[in-house]
Amino acid sequence: MVSIIKDPGLKDKGEAMVSWAAEHMPALKEIVKSYKDNKPLENVKVGACLHITKETGAFMLALMELGASVALCASNPLTTQDEVAAYLSDNGVDVFGWRGENEIDYMAMIHKVIDSNPNIVIDDGGDLHSTIHKERLEALPYIWGGTEETTTGVVRLRVMEKEGKLKYPVIAVNDTPTKRIFDNKYGTGQSTVDGILRATSLLISGKTVVVCGYGYVGRGVASRFRGMGANVIVTEVDPIKALEAHMDGYRVMSLYEATKYGDIFITCTGMKDVIREEHLRQMKNHVILANAGHFNVEINIGALEKMAKEKKRIKPYVDQYILEDGRKIYLLAEGRLVNLVAAEGHPPEVMMNSFSNQLLSVIYIYENRDKLEPKVYDVPVEIDRSVAMYTLKGWNITIDELTEEQKKYWETW
Ligand code: ADE
């Protein structure tokens with residue numbers, strides 16, 4: 001198929017970006033090295049819907065080195081690195097995506113990936129899986145299974161499974177410890193700071209940052225902002241997570257109450273309408289709103305638009321809304337993932353774990369394609385452990401082993 005990308009001329013820049021990422025993802029290299037000789041993915045067609053970043057580039061090349069052919073589209077209209085798209089396209093990947101797609105093109109590119117008749121589908125957010133299930137049932141006979149990269153996508157898939165609508169097995173890569181602990185926490189934590197800094201270039205120290213949601217993502221975001229000298233307030237709907245945030249030393253209160261204090265609000269929940277009109281009405285002048293969740297639904301942008309008498313883009317990724325009462329509210333990255341839109345997403349060291357899980361899960365689906373049922377599966381524990389081992393090895397970190405005596409000691413209990 002012919003790629004649809006912004007500019008093939010960007011390929012050299014893309015090569016430098018992907019090489020930089022790959023150099024910092026040694027576990028991915030180790031996995032390729034150990035599987036390469038028998039090309040386990042020969043004749044396997046992979047269809048992927050991922051943020052088209054330099055880290056994704058390294059992952060796509062790893063799949064191809066193991067024999068797969070790959071078609072790739074974007075999992076968000078605003079996050080594609082066009083240089084990477086150009087480089088991958090020049091290196092045999094069918095790429096369908098560019099930065100700044102409208103909603104219609106975004107969906108059309110997902111259909112292009114489905115047109116490639118993939119055997120294994122990799123998704124980030126669930127749009128590819130849901131389009132196949134709702135609109136492209138004719139693709140199902142080719143599909144052995146799929147994987148899902150993110151919390152939002154896994155939530156959607158579990159609902160489909162519960163309703164008996166899931167038509168192929170999916171491995172919930174998001175939920176496995178070597179993904180979730182590192183990617184959701186350290187990855188989103190650092191890259192959200194990065195996105196907000198690149199967009200605003202303001203001082204964090206001394207500001208009051210309100211983190212909505214204290215799951216893995218919220219924990220990471222709260223801890224990185226605290227590390228930069230912010231006063232962090234956490235808001236939650238779950239009493240246990242609220243207690244955890246309290247004992248981690250954050251101020252915890254309702255979002256309505258937090259509007260009195262907050263300078264920067266960051267949504268990290270996966271839920272819609274977290275920041276609503278009633279909150280916007282109470283916020284201070286000059287507050288900044290950003291979202292770190294998968295979809296642009298966490299901040300009610302419709303309410304903000306309705307309340308504003310004027311809207312102006314004052315710099316890339318910063319929209320100023322002037323409200324009837326004269327207050328100014330700034331929305332970053334149009335309410336989309338601020339870490340991927342205004343910055344470059346998670347660092348390669350973090351994506352290494354996530355994509356190593358993906359790579360080994362794809363091989364697992366291929367090898368077990370006749371046994372798996374249309375269910376949501378956890379990543380097998382052996383894969384999770386081996387990802388950790390590959391990463392430790394890549395970083396020259398040694399660990400201890402139980403002695404035979406110690407193993408017996410466990411067993412006698
Ligand atoms: N999700 C978050 N950060 C990412 C990155 N750098 N590449 C691909 N997907 C991501």
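Residues: numbered from 1 along the sequence shown. Read the numbers this way: they start at 1 and go in the same order the structure lists the ligands and their atoms. Computed from heavy atoms alone, side chains included, the values below leave out hydrogens, waters and symmetry copies.
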Of H294, M351, E149, the residue with the heavy atom nearest atom 4 (C) of ligand 1 is M351

The option among T53, T150, T79, V350 carrying the non-hydrogen atom nearest to atom 7 (N) of ligand 1 is T53

Can you find an N or O of [X] that's nearer than 3.5 Å to an N or O of ligand 1?
X    : result
E55  : yes
N339 : no
D124 : no

If you count heavy atoms of other groups shown closer than 6.0 angstrom to NZ of K36, is the number above 12?
no

Is the number of heavy atoms from other residues, nucleotides or ligands under 6.0 Å of E138 CD greater than 12?
yes

How are the rings of F59 and F355 set relative to one another: parallel (under 30°), tilted (30 to 60°) or perpendicular (over 60°)?
parallel

Charged N to carboxylate O under 4.0 angstrom, K393 versus E30?
yes

Any Lys/Arg nitrogen of K311 or E305 sitting under 4.0 Å from an Asp/Glu carboxylate oxygen of the other?
yes

Using a 4.0 Å cut-off to any heavy atom of L340, which atoms of ligand 1 qualify?
1 (N), 2 (C), 3 (N), 4 (C)

Does T56 have a heavy atom less than 4.0 Å from any atom of ligand 1?
yes

Decide whether the shortest distance between a heavy atom of E344 and an atom of ligand 1 is less than 4.0 Å.
yes

Which residue and non-hydrogen atom of the protein lie closest to atom 3 (N) of ligand 1, and at what distance in Å?
H346 N, 2.8 Å

Answer with yes or no whether the side chains of H24 and E55 bring together a donor and an acceptor at under 3.5 Å.
no

Spatial distance of atom OG1 (T192) from atom CZ (F225) [nearest 0.5 Å]
7.0 Å

